Every structure is written in C-alpha cells, then in structure tokens.
Amino acid sequence: MSDDLFTLLHGKTLDALRALVPDLAPELAARVELTPARVPAQGDLATNAALIAARPAQRKPAELAAALARALANEPEIDAAEPAGPGFVNLRLRPAALQAELPRILRSGPRYGDSRIGAGTRINVEYVSANPTGPMHIGHCRGAVVGDALAGLLDKAGYHVTREFYVNDAGAQVIALAWATYWRYLQALGTPLTEAAFSADVPGGFQYPGDYLVPIGAALAERHGEALAGPGKTVAPSELWLDTVRDFAVGTLLERIREDLASLGVRQEVFTSERALLESGAVERAIETLRSRGLIYEGVLEPPKGKLPEDWEPRPQLLFRATAFGDDTDRPLRKSDGSNTYFANDIAYHADKIARGAQAMIDVWGADHGGYVPRMKAAVEALAPAGETLQVLLCQIVHVMRGGEPVRMSKRAGTFITLRDLIDEVGAGAVRFTMLMRKPDAQMEFDIDLARAQTRENPVFYVQYAHARCRSVLRRAEASPEALADADFSVLTDPAELALLRRMAAWPRTVEGAAQAREPHRIAFFLYDLAGDFHMLWNRGNEAGAELRFIQPDRPRETQARVGLVAAVATVLRSGLAVLGVEPMEEMR
RNA sequence: GCGCCCUUAGCUCAGUUGGAUAGAGCAACAGCCUUCUAAGCUGUGGGUCGGUGGUUCGAAUCCACCAGGGCGCGCCA
C-alpha cells in the first residue's frame, strides 16, 4: 500500500473500529470503505464502518457510528467526525492534512500514486494478436489501446507485467495470404493473370485482394526472380514456393504491424509465434497433460441447439471436458482432417505462458470471441499447476463517425480505415485517450471530428490544455518541484484550492481501484475531473481582485505555495497520462 | 431456440465493486477577458436509472422474469 492520505486514514478508521469491536472478522474488515464524500456538506470523507460492524457486534448502527465518530475526532488529521444517516461517519479533514499531501506529490514526482497491491504478481497481458495478413485497421485499435493502458495501470499498481502479442501465423489464413502474395508476385514478374483466373487454382478460395500485397509481391520478384514461378512465369506447384512466400509475407506484414503499433505508442516486449509453438510439439504436450488428469476423451457431441449447420453429422472427436469447469459443452481439439483446432493450439499457448512464469493472465479480445471465453477459462483452470488464472476482457465494436455520418467499412472493398490513417488524422494521444473514455464492454462511437476538436467537448484536449497551462505557470515561475516541496502550504485555504488537493489525494486510491477492477478508463475520467478542477481555479485568478492568481510578485509566500500546487497538478496529470500512454503537451498555442 | 454484453437527462456517457438528495460534457438560456493561455470559467433548467417483482438497514448496482439493441452458437480464426 502507498502511504498517502487515504490509506493512512483508512487504517486509522479500521483501528478505531477494532477498538470498539475487538473480534471483527477479517472478511468484514475488508468491506470497510473510506470514500470521498459525495456532496461538500458531508465533509471530505465518509466511512461505512459502523454499518458493516453493527450486526455482528449486536449494536445499533447509529450508536456504533457515534462511538466511532468520537474516536476518530481525536485524530490529528481530522477536524470533525459526525455520525450521519443510517450509520455513516462523515469526516471533515483539517486543511493541514490535505496540504501535507503536496510535499508528498512533489517529492514522489511521477511515482506518486504507485501502489504495491500487485505485490509483484507476474501478470501476462496479451492484446492485439491480429493475424499477420494485412495492415492494422481501426477494429484492432481499441484492443490495442485498452490492453496497453491496462498493462501500464497494472505496472503502476505494483504488478510485474509482461506485454504480449500472439502471432497467429499458423493455419488456413496464412496459407491464403501466401496464395494472394504469390499472385502479386506473378503479376510483378509480368504474368497477365486475372483474379478470377488465379482464384480457380487457390485451395479454399481466394482472399486478401487488397493492394497492400503489391509491393510485397514485387519485393519477392526482386529477391527471387523467376525461381518461384513455373515455366513461362505460370503458377508452380505450391510445394515449390509456399513456405518461402508465406514466411516472407508474414515477416513483412508483422514488421509493418509493429511499426503501426509503435506509432500508437504500443510496445509489446514478447511476440509469440503460433507456428513455432506448434512445431515445438507444445500442443501434444498440453493435451497429454490434460489426458493425464482424465479430461480428454473420444466422444460425440450433441448437435447445437437452434439452427443446425447444414452439413452437420454426428462424429466421434477428441474432446476436452470443459463442462467439468463450467462450460456448456465439451470442446473439440481435432478437426475431421486430423489437424488441431484453434482451441487446442490456444490451450498449448496458455500452457506456454504459465511455463514462462505467468501467475495471472489477461487476454484482451474482440466481442465476437465472447463465446470462446468459457472454454478458454476452463482450459486454464484445468492446466493451472499453481492456481494460475485467466481473465478475458472483451472489447465491443467501435463505430467510426465523421461529419456526423457513420463511416462504412468493408475489408473486401478495401474501404476500411487503417490504424495508420487514423493516427495520421487525429494523433496517437487523442486516439488513445478517446478510446479510453468508454468502458470496453460497451459499444462506442469514435467521432473523428470530436477527437480532433480543440474544445472542452474533447477530453483529450481539455486535459492537455490543463497540463499546458500548468507548464506555462511553471516556466514563468522558474521554480523546481523539489524546491517547491518546502513551501508553506498553509496559505492554500480557498475552497477551490482545497478541492484540487482533495482530488489529487484521491489519485493513489483511484489507481488501486482501477487496477483491481481492470478498468483503465477510470484513469481517463479522473484526469478529466482533475483538469476541470484546475481550469476552475485558473479562471478564479482572472477574476476582479485576482486574489487567487498563482504568481503574485508582491506576495512571495503565496506564490511559492500556489506554484507548488500547480507543480503538483502537473505531476499528477503527467503521472496519469503516462499510465494511459499519452504524451503530455508542454504548450498549446 | 440458447449464451454473453449493453439499455442512466433531448444527445454522448460516468457512477469509486450494495451507500446518503443519481453526476459530467454537449445542446438551450443568462453571465465572466487591460491580467498566469477566454482553445477557458460561472450560473439556470432538464431523470419512473428500459419494465415488473424479489433479496436487506439501503438497489442504477445483486437475483428472477419480460422488452429493445449488439455479438456469438461442432471441425473457421
């Protein structure tokens, strides 16, 4: 835990409660909360402690609350403690207690709000994990941003985070990619071959007609000349070229994906190749592990309820007993042609993550994979030698809006918006922040015009503007945060200043809550609120009389304290933006 | 037919894991610049938290049923 104001007072509340109710059960103590007051009339903080403990202590909540209030009122940080409502205790802090948070912020710098709730738990966050069959488009973007911000959040909360990308470079879709690239290669050699004519030769049907493979085909032609083609630059047997073309196309596209991700500020340190995993025999090993636990059998599944696939027929299959772990049905591991299902590969992949040391895993997926979650969690539960866990975050669909109209996208028609286009148009920071202003399990509209707007409507701008204003003051004041930490902050007594202090004091608590809930969007909302508090105080400095201007040459004591306050705001804003992976702006003119 | 997600102000959305009188922004109306960035700030109005029951000191939050929207439903990824 951090040693911030909230944590300190939460501890004191629990101590006071235990003094009144000595045999308080730990699970009840864990439910005791200290939360910011909803309305100013209730003071600064409120606790539900008496409500939680009243029943086991066989006391009336209001009476216990009164006793608790009397005890807490003696604490030096607390100005007043009063029982309220059905059994709450409202606490009013001494301004000094809030002011004391400022030196802590200024001395901690970007580490302010760091928490140890993660306790160094090795947690693997896997996100994006697109097929390397084309450029990143906007559909991949939300998962990339949410995963990356979640990783940043968990890192700040004291977890040992691994950021991972699973490269789906095995299976039918990369074969299809190889064929499409081969077509572009033949074209680069000068073979006049229409898509229709070529498609007839492609097993499983032609895919990936997009132009982005043209340069890759050309590069192959340059590197290999006619060596991969048949006589007269025609289609050669695939044994001759498939591996070469596939590896080259996948490698090239993956490199491009990494570049796109980097321009979004996403940097995963681990890229795991599905194909390498398969070639290592990992799938067989994982299945053997499950078999040794009696969780693998040969069986016939019930037909799915509702609409039946036309070619459905009962067939014995190699099955994983997912129902033993809460799934609706057992799940197949082998296809009818004898190859492994994607699920089988994924079991091996998660076993691999565990083998590499992951104690907890988070997968960020698109909502269309929702039906896959129970079986994957079942598999991890079945594998986990030491209780390793899997959580899956599903990101709902993003609808892109421009000029008030939905932007239609079709991969086939090549009208999808690439991630690169989006970043070029609105900027990486705005893309990230905007994506994080929604909880991931709700569908969202991404309004391109709004993300670019320079008004309060646009939260990114609003937060950046607050930071730029802070920096402007600090440039003028020419003071270092370290020196400001020694200022006399007792002059900060205006309600607007205290509100800002209260907000910043809630930062460590916000980090912990967001990390535990796996909800990075809470950080974005916190920053938006903090920026609002700051803009308000700023404008008070423009009022007649200007009592609250930060810099007042004839009042050095006030100036020192207020510039310290501004430095703290800048620090917390930077700290929050860093969690979200957004670069703070020094100036906006 | 079944499963998962969503439904909160005219619009876009929060709601601190069950807390007190449900909050922001936009839009509407009324104000604030000789000043540290007015790209900003202040105020006013606006609600049957989709519906009905239940659980308890207390429900937007948990449970059941219903309605609407989205996603998915042997061997695709």
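The model shown is predicted, which means the values in this text are computed figures rather than measured ones. Below, chain A is the first sequence line, B the second, and so on; all start at residue 1.
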Look at the side-chain N and O atoms of [X] and state whether any lies under 4.0 Å from the OP1 or OP2 oxygen of [N].
X: A/Arg456; N: B/rG25; answer: yes
X: A/Arg469; N: B/rA38; answer: yes
X: A/Lys439; N: B/rC6; answer: no
X: A/Arg476; N: B/rU37; answer: yes

Under 3.5 Å donor-acceptor pair, A/Arg438 side-chain atoms to B/rU12 base atoms: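 No, no donor-acceptor pair under 3.5 Å.
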
Go through RNA chain B and write down every stem, that is, every run of at least three consecutive Watson-Crick or G-U wobble pairs with distances under 3.5 Å, as range with range.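 Correct response: B:1-7 with B:67-73, B:10-13 with B:23-26, B:28-32 with B:40-44, B:50-54 with B:62-66.
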
Pick base, sugar-phosphate or nothing for A/Pro332, based on heavy-atom distances below 4.0 Å to the nucleic acid.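 The residue A/Pro332 makes sugar-phosphate contact but no base contact.
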
Pick base, sugar-phosphate or nothing for A/His521, based on heavy-atom distances below 4.0 Å to the nucleic acid.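 Touches sugar-phosphate only.
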
Write out all pairs satisfying salt bridge (charged side-chain N to carboxylate O under 4.0 Å, His left out) with one or both partners inside residues 442-465 of chain A, taking only residues at least two apart or from two chains.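 Salt bridge (charged side-chain N to carboxylate O under 4.0 Å, His left out) check on residues 442-465 of chain A returns A/Glu425-A/Arg452.
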
List the steps and the verdict of side chain to side chain contact (heavy atoms under 4.5 Å, CB included) for A/Leu45 and A/Thr13. CA-CA 11 Å; A/Leu45 303 170; A/Thr13 303; over 6 Å; no

To the nearest Å, give me how far apart CG (A/Asp327) and P (B/rG72) are.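 Distance, rounded to whole Å: 18 Å.
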
I want to verify the glycosidic state of B/rC33; is it syn or anti under the 90° rule?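 Syn conformation for B/rC33.
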
Base of B/rA14 and ring of A/Phe525 stacked, centres under 5.5 Å, planes under 30°: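 Stacking between A/Phe525 and B/rA14: absent.
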
